[in-house]
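Below is one structure, written out as structure tokens; comments come after it.
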Amino acid sequence: MINDLWSYISVADHWWGPNGIMARLDEHLRYSAIAVGISLVLAIPLGLVVGHTGRGTAVVTFIANAFRALPAVGLLIFLVVLISPQFTGRSEARYLIPTTIVLVLLSIPSILANTVEGVRNVDPEARDAARGMGMTGSQVLFKVELPCALPLIFSGVRSAVLQVIATATIAAYISLGGLGRLIIDGLSSREYPKVITGAVAVAVLAIVLDVLIALIQRYTVSRGVSGRFSRKGATATTAPRKDDAIEADAEVLAV
Amino acid sequence: MIKFESVTKRYPDGTVAVNGLDLVAPSGQITVLVGPSGCGKTTSLRMINRMIEPTSGRIWLDETDTGTVSTSKLRRGIGYVIQHAGLFPHRTIVDNVATVPLMLGVDKKTARAQAMDLLVRVGLDPAFAKRYPAQLSGGQQQRVGVARALAADPPVMLMDEPFSAVDPVVRAQLHEEFLRLQQDLGKTIVLVTHDIDEAVKLGDQIAVLRVGGTLAQLATPADLLARPADDFVAGFVGRDRGYRSLGFADAGDLPTRKEVTVRLGSDFAAAAALAEDGWVLAIGDAGEPLGWLDASHPGTGPIGPQHLHRGGTVATEGGSLRAALDAALSAPSGRGVLVREDNTLLGTVTASEVVARIEERAAAERIEAAR
Amino acid sequence: MSSPPVGYLAAPDQPWNVQHYLDGKVGYVLGLLWQHLWLSVLPVVIGLIIALPIGYAAKRFKWTYTPLVTISGLLYTIPSLALFVVIPSVIGTQILDPINVVIPLTIYTIALMVRVIADGLRSVDETVLQAASAMGYSRFQRLLKVELPIAIPVIGAGLRVAVVANVGMVAVAAVIGVPQLGTLFSYGKDLFYYAPIVVGLVLSVALAFALDLLIVLAVRALTPWRKAVAAR
């Protein structure tokens, strides 16, 4: 089995050929990027507004749960059957549009719910202080709530990306490209090395993207929020140990 | 000056948080709003910077009706300190402090430099400036909260239970520093607390509110302890009112006696021979009292710190009668230690001498009142 | 389990007519629903049972938390389609064996629940744990009587996500031919026949909501103290 796999991936054409891994990766990334891009543009502003005003939280929760309950394959097939006859001329759009809709619906819940939750979770005292010092509503949102909500927003985006990358494989099921192609084609031609290559490629892609976003997160989120303090005496948790802090307090008083 | 003019806050569900409040918080003074939970003290405070809008009535800030200016403009001119400080977790300490000046258009460099000065002023090591709030203890965060509120140098400060989230030792330190700071700055301060002792300690005047949001009594701390307006205020002010009010009575010149003293390191047996009623006072090199030596306890060799009884409190000359009485009551010898301003020993005084002084005062006051 | 789909071999005249489609096939569709139900629920039950000790280990031995949570998180990156296809050849089952669906979904459930259980147990107030130990609870009693009950809301929230996700993922297994509601999708796709797709979608969403609601109610029944607090 390992040998079969090795001999499959040691063929250069399986990598660089017109239907090789790289071409499939390119397609996979394209489908995923379009969907995640649309989700970000829709879900983050909406989430920020709902979180800030507190209005519509119940509606957002309901929408998020409802979208989660939709079976991706079923919806995809439904949309293909519904939409593709309208685009008889252009072969890619008739499948790309349904795929994009499904992936967007799939990724909106976690981004939206986490954005709302992130803003709602901001320390009410910090919000109160911000208002009390004369910040306008949008200043409170962008100077206090958004920076503090970033860790949760990022984790929502990360799980959305993970899910989109994994689910974009089903695009192959409706005769689009992407890494799922390797799995579906491998299945029908009984080439298991091809199936496994496709699966591993998807997993690796998901991990690489997750690490990339984690890096972005590291440089965008304030260390005060993430709890990564450079100074001694500070631990990985957000709150320093109580006794430490009190000792430090006593030191300062003595100065 | 802050003036409440028949201010009422009624919520849509019908509860009345504040009911027809009339109150003046004079400029440069600390006005404390105190009362049980549900008395509307926080609501009253938050109506000043319109975090809560009054249902009716007006609140004046000097000559300005607060209802006529925009909320952001109003709030940027008022310092605001809350219970857990409410620091911004994503900003460093110095940037937290510089928030309002930056909003008002001060350039970054100046704002930071001012913020550093303020940190020192509220008793924080400048080394903390680059840290984040989560790295600080509750007491330190509270100091940053005060510094942040002072940053734009607002004439008015609103403080909502600013010291209640820290432990008693740190709270006492913060009280002292706060009073010292206020002596320098002379802000118009309105402070909310549920703790009558804190109110008595900090307030120039105290407004006691009762449930339903009406004013029960407005008085100076001494007056409040001596003459509670009714049963509610008396109950709220609590026990030991007579004793506590001594805290506001000047001790004046007490009849002190000279005390025989010994120094640390001198011979135990020789020192014990000097003892009167079995106790002799040990002092340090600068003449500061260190503690009482128990002569009845067998000992030999030089006197060390371990021989000293440290239970007695020390009263400062010109301090309150309460401090003097406490010094006498807490001394194992029954002789309360008085020191001068520079902490050198002045002499000792007994409880009956202090009580005699208290009675003299009271008699004089009665004669004064009868006229 | 049920008779093979009775339907049109060519595109139907009334592709939207659900009533027409269901005529005489209610039993067949309900059979698919039942199949779908247990294919979604069984992996959650098995996954929870397996994830509990792993999650507890991640909480109990601090150093294992990061590796365990990371590894289980990685499992989630494997596309379900691939697992459905590869599992039979790895464990040597028949291609139509339902086990081929149960195993991947169990893996996903474990992947999700290890973290949830560890975080749920970690969220229990340290003072409560100390109080329990001080009263003489053994470690196991404490886990059973104090830590798990307190962690129920968090674990329940995780289970809701797992069940709902599984209901959606089971449908993917139509690719390998294991019959369940996903079969209706493939069938409708090949014939451009909307009615079975709509029936499948509606039943799938309804199933997800019903199972979700069931867990919500179970959590509520198991944590009466939260209601008391909320009512105040």
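Quick note: numbers below take in every heavy atom, side chains included, and nothing from hydrogens, waters or symmetry partners. In what follows, chains are A, B, ... by sequence order, proteins preceding strands, each numbered from 1.
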Among all residues two or more places apart in sequence or in another chain, which pass the ring pair (Phe, Tyr, Trp, His ring centres under 6.0 Å) test with B:Phe178? B:Phe163
Heavy atoms only, distances under 4.5 angstrom: which of A:Ala130, A:Gly132, A:Ala129 has the most pairs with chain B? Name it, please. A:Gly132
Does any heavy atom of chain A fall under 4.5 Å from the side chain of B:Met103, the backbone, both, or neither of them? side chain
Do you know the tightest heavy-atom contact between B:Arg76 and A:Met135? NH2-CA, 4.3 Å
Out of curiosity, A:Met133 CE to B:Leu104 CG, how far, rounded to the nearest 0.5 Å? 11.0 Å
Within 6.0 Å of CZ in B:Arg121, more than 12 heavy atoms from elsewhere: no
Correct closest heavy-atom pair for A:Ser222 and B:Tyr132 would be OG-CE2, 3.4 Å
Between B:Ala85 and chain A, with a heavy-atom cut-off of 4.5 Å, which part of the residue counts as in contact: side chain, backbone, both or neither? backbone
First locate atom CZ of B:Phe88, then atom CZ of A:Arg127, and finally report the distance between them rounded to the nearest 0.5 Å. 11.5 Å
Interchain contact, B:Arg148 with chain A, by part (heavy-atom threshold 4.5 Å): side chain
I need the minimum non-hydrogen distance between A:Cys148 and B:His90, along with the two atoms involved. SG-ND1, 3.5 Å
More than 12 non-hydrogen atoms from neighbouring residues, nucleotides or ligands closer than 6.0 Å to CG on B:Asp107, yes or no? yes
Is atom CZ of A:Arg30 surrounded by more than 12 heavy atoms (other residues, nucleotides or ligands) closer than 6.0 Å? yes
Any side-chain heavy atom of B:Thr71 sitting closer than 4.5 Å to one from A:Arg131? no
About how many Å separate NZ of B:Lys130 and CZ of A:Arg223, when rounded to the nearest 0.5 Å? 10.0 Å
Output the distance between atom CG (A:Asp128) and atom NE2 (B:His84), rounded to the nearest 0.5 Å. 11.5 Å
